[in-house]
S.K.: 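Take a look at this one; I'll ask things after.
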Number of protein chains: 4
Amino acid sequence: MTRGRPRDTAIEGRLLAAAAEELRHGGYDGLSIDRVAERAGVAKTTLYRRWASKAELVVALIAMMREEIPFEPSDDPRADLTALVTAIAAGLSETPTTLIADLAAAAAREPRVGESVRALWAERHGAVTAVVAKAQEAGLVLDHVAPALLVDQLVGPLYYRLLVTQEPLTPEYARTLVLSVLGPEESP
Amino acid sequence: MTRGRPRDTAIEGRLLAAAAEELRHGGYDGLSIDRVAERAGVAKTTLYRRWASKAELVVALIAMMREEIPFEPSDDPRADLTALVTAIAAGLSETPTTLIADLAAAAAREPRVGESVRALWAERHGAVTAVVAKAQEAGLVLDHVAPALLVDQLVGPLYYRLLVTQEPLTPEYARTLVLSVLGPEESP
Amino acid sequence: MTRGRPRDTAIEGRLLAAAAEELRHGGYDGLSIDRVAERAGVAKTTLYRRWASKAELVVALIAMMREEIPFEPSDDPRADLTALVTAIAAGLSETPTTLIADLAAAAAREPRVGESVRALWAERHGAVTAVVAKAQEAGLVLDHVAPALLVDQLVGPLYYRLLVTQEPLTPEYARTLVLSVLGPEESP
Amino acid sequence: MTRGRPRDTAIEGRLLAAAAEELRHGGYDGLSIDRVAERAGVAKTTLYRRWASKAELVVALIAMMREEIPFEPSDDPRADLTALVTAIAAGLSETPTTLIADLAAAAAREPRVGESVRALWAERHGAVTAVVAKAQEAGLVLDHVAPALLVDQLVGPLYYRLLVTQEPLTPEYARTLVLSVLGPEESP
DNA sequence: GAGTAAGCGAGACGGTACGTCGAGTCTTGGT
DNA sequence: ACCAAGACTCGACGTACCGTCTCGCTTACTC
């Protein structure tokens, strides 16, 4: 089975890098296919050979962004949770709000993008779910609520503040979130 | 001292109706200013005289869409809270997700829109804050957390589910949210 | 009857001038819509508002290029005919051949263009028909053939040479054409 | 000293056949190299190994089209001429106008194509020239005009009608053309 | 009969142009 | 002032085609 000229693998990287750069600035709408191609030193057709549309390009871009966040759970779920939520808050704070908002918007518009974005965030929040479950087992949390809900109440407010009320995501805020969910530490 | 021809008040309604219809179909992106104007039998200029941009138009549209939720606080904060959160969840579910997402994106990009959108949402969540404060006074909630945070944990997860995980906002979910924050009802 | 903002009449001229310049260089194929628009300092959409396609633009261009050939018939049909045919030959010689050929091709393909091009050429050859008829009335030509046919035999060979044999259209050639149709002048 | 794998001679035929088919439909512009290759079940490279460009391919195609039209001159030049012109008119009528027009356009654009097309047509009209010369020798035509011009006046109007006025080429028209050039038959 | 040069299929690639669409601004004439 | 109509700019989108290129495989001539 002949295969024809193989794709230049370097191009894909250059293209995604260029797209990432564009996305960082103008957000989803500000990302121009023409500019991405030009920036990557590539013909527009070459880009379209890889991704059928702007949305698909962003899907790939996001998939690429998923960096493994190595997390080592300790024996102290409370500390773990605080660390995790603080880290997520920090990550969100560093990223331009417009980008995250545009991403959410694109996810709502384009099913394929939504899929990809959900996968990305699921991965990002996976550790939280695990630690919450562990905390509940350890009796640190009342078991009248599902762990998934607790995760929502830990992470959800971050996005809520970011996208809705546009208030700052301080480490302090992250800490009080955990405090509210786990309750005050008992002094022995 | 107004001078010149007064605005045709009927136009505003037709325009918003047309925009609503457009929005229901194609979402935020599918809403074309040209089409809205044409559908309303109105010149584009006339539309722009009322709202400076597509985003502003949608802001107004949303503002119109929100029904005044006359809320009469009862003696039972728990019941009140459940009713409120359920109502908010229902409202969000009815509105196309793209709309809310794009609104958040526009809010992040343009300060003017952000202001307007924040005001809208603040108004919407105001009752929740009041009831939460009341519940805390009544000793229903532990006072180790600020009431504002509790509101975030009641309302935030709704937006989180909507925009991030894209899971459905059922009344059941709203109820468990309240349950998680207030704790299980004590039987006397 | 409201009319809206009137077209900027200056634009049309700039556009046609730019197109003419482009045409002079690269020929029909070398004429790029984008470049024409840019050269005229005008948005591409503005160009497309006037002409639906490249072909239509060129039709208009040709129509503009044709000078009104004010023709005053004298008493001498032979002289008139010679003048007319020579003028037509000269006109064809001045215009790039590719242009005329592509015009004919576009005319064959698209009815709309065909219509326009036929009208242009009909106008151009109208005077010939008139003079031929007059010559026939004056007994200068045998009446065994319809005047329309004689016109074809006077003008047709010009296009034939231009498009088919690609031989030059000299004034000498034009003269012999007339000579062949009218026969040699009788010396009294 | 030929080395390496010899060319597959069958390919050339399939390619030309495919190209002919394409040309018959969309004309010169509608002929797409990619489609021709695909239709012939051949890689584009293989096509380009034979002809350096689209123009060259069409050149070859046209050269192939030149069928020898065996013509046996009789003793009656008038009858011969009528037969010839009628045959040419019929041939032109059968061929799609767009094809001929596009061919003329391509001939004007691409020198190499022009060369080939001229050769084709010269061959097609060669017999006419011969018979006209013979008629002139026989005193059937006045000798004040060159035979080449008479040919132009016999054949030119056909192309003129086809490409310019877009009027039908009837056998009747062909007959009157001859009649006009030779004059009415003298009854002895 | 093993090498090897060329032919071949498949398809990537750069480049250029096309025609369309949407947002927002601007310019008329008319109310 | 307001309104209708519509021209205008800017910038993006996705498609089509041409001609070049790079693979891996195949074929026949040559040594």
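Heavy atoms only: backbone and side chains are in, while hydrogens, waters and symmetry mates are out. Note on naming: letters A, B, ... go to the chains in the order of the sequence lines (proteins, then strands), and numbering restarts at 1 for each one.
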S.K.: Examine the base of F:dG14 for any acceptor or donor lying under 3.5 Å from a partner atom in the side chain of A:Lys54, and report the outcome as yes or no.
M.R.: no
S.K.: Expressed in angstrom and rounded to an integer, what is the separation of D:Asp29 atom CG from E:dA17 atom P?
M.R.: 15 Å
S.K.: Whole angstrom is fine here: how far is it from CH2 in C:Trp51 over to P in E:dC18?
M.R.: 14 Å
S.K.: Can you check whether A:Thr46 has a side-chain N or O nearer than 4.0 Å to OP1 or OP2 of E:dG14?
M.R.: yes
S.K.: Using whole Å, what does the distance between atom P of nucleotide F:dA5 and atom CD of B:Glu38 come to?
M.R.: 10 Å
S.K.: Nearest whole angstrom, please: distance from the C1' of F:dG19 to the CD of D:Glu56.
M.R.: 13 Å
S.K.: Roughly how many Å is it from CD1 in A:Ile33 to C1' in E:dC21, rounded to a whole number?
M.R.: 16 Å
S.K.: In terms of heavy-atom contacts, does CD of D:Glu21 have more than 12 from other residues, nucleotides or ligands at under 6.0 Å?
M.R.: yes
S.K.: Report which part of the nucleic acid B:Leu57 touches: base, sugar-phosphate, or nothing (heavy-atom distance under 4.0 Å, all strands).
M.R.: nothing
S.K.: Could you tell me the separation between the CD atom of A:Glu110 and the OG1 atom of B:Thr98, rounded to the nearest 0.5 Å?
M.R.: 11.0 Å
S.K.: Would you kindly give the CD1-to-C1' distance between C:Ile11 and F:dC10, to the nearest whole Å?
M.R.: 14 Å
S.K.: Hey, is the side chain of B:Lys44 pairing donor to acceptor with the base of E:dG24 inside 3.5 Å?
M.R.: yes
S.K.: Kindly say if C:Arg49 contacts the phosphate of F:dC8, meaning a side-chain N or O under 4.0 Å from OP1 or OP2.
M.R.: yes
S.K.: Can you identify which nucleotide, out of F:dT9, E:dA12, E:dA23, has its nearest atom closest to the C:Val42 side chain?
M.R.: F:dT9
S.K.: Judged by each residue's nearest nucleotide on DNA chain E, which is more toward the 5′ side, A:Arg7 or D:Thr9?
M.R.: D:Thr9
S.K.: Do you know which two heavy atoms are closest between C:Leu31 and C:Ala19, and how far apart they sit?
M.R.: CD1-O, 3.8 Å
S.K.: Using the closest heavy atom to pick a nucleotide of DNA chain F for each, name whichever of D:Ala55 or B:Asp8 lands nearer the 5' end.
M.R.: B:Asp8
S.K.: Pick base, sugar-phosphate or nothing for C:Leu47, based on heavy-atom distances below 4.0 Å to the nucleic acid.
M.R.: nothing
S.K.: Given the rule in the side-chain contact (heavy atoms from CB on, under 4.5 Å) test, do A:Val164 and A:Tyr159 qualify, once you have shown the distances and angles that lead to the verdict?
M.R.: CA-CA 8 Å; A:Val164 179; A:Tyr159 288 89; over 6 Å; no
S.K.: Looking at every heavy atom in both A:Tyr28 and A:Asp102, which two are closest together, and how far apart are they?
M.R.: N-OD2, 3.3 Å
S.K.: Name the nucleic acid region contacted by B:Thr45, choosing base, sugar-phosphate or nothing; use a 4.0 angstrom heavy-atom cut-off, strictly under.
M.R.: base
S.K.: Could you check how far CG of D:Asp34 sits from P of E:dA12, rounded to whole Å?
M.R.: 12 Å
S.K.: Within this structure, what is the OH-to-C1' distance between D:Tyr48 and F:dT20, rounded to whole angstrom?
M.R.: 9 Å
S.K.: Taking only the side-chain nitrogens and oxygens of D:Arg5, find out if one of them lies under 4.0 Å from OP1 or OP2 of E:dA5.
M.R.: no
S.K.: For D:Gly30 and for B:Arg14, locate the closest nucleotide of DNA chain F by heavy-atom distance; then report the residue assigned to the nucleotide nearer the 5' terminus.
M.R.: B:Arg14
S.K.: On the nucleotide E:dC13, are OP1 or OP2 found under 4.0 Å from the side-chain N or O atoms that A:Arg50 carries?
M.R.: yes
S.K.: Answer yes or no: does a side-chain N or O of B:Ser32 lie under 4.0 Å from OP1 or OP2 of E:dA23?
M.R.: yes
S.K.: One thing to verify: whether A:Arg7 and A:Glu12 come together as a salt bridge, which I'm taking to mean a side-chain N less than 4.0 angstrom from a carboxylate O.
M.R.: no
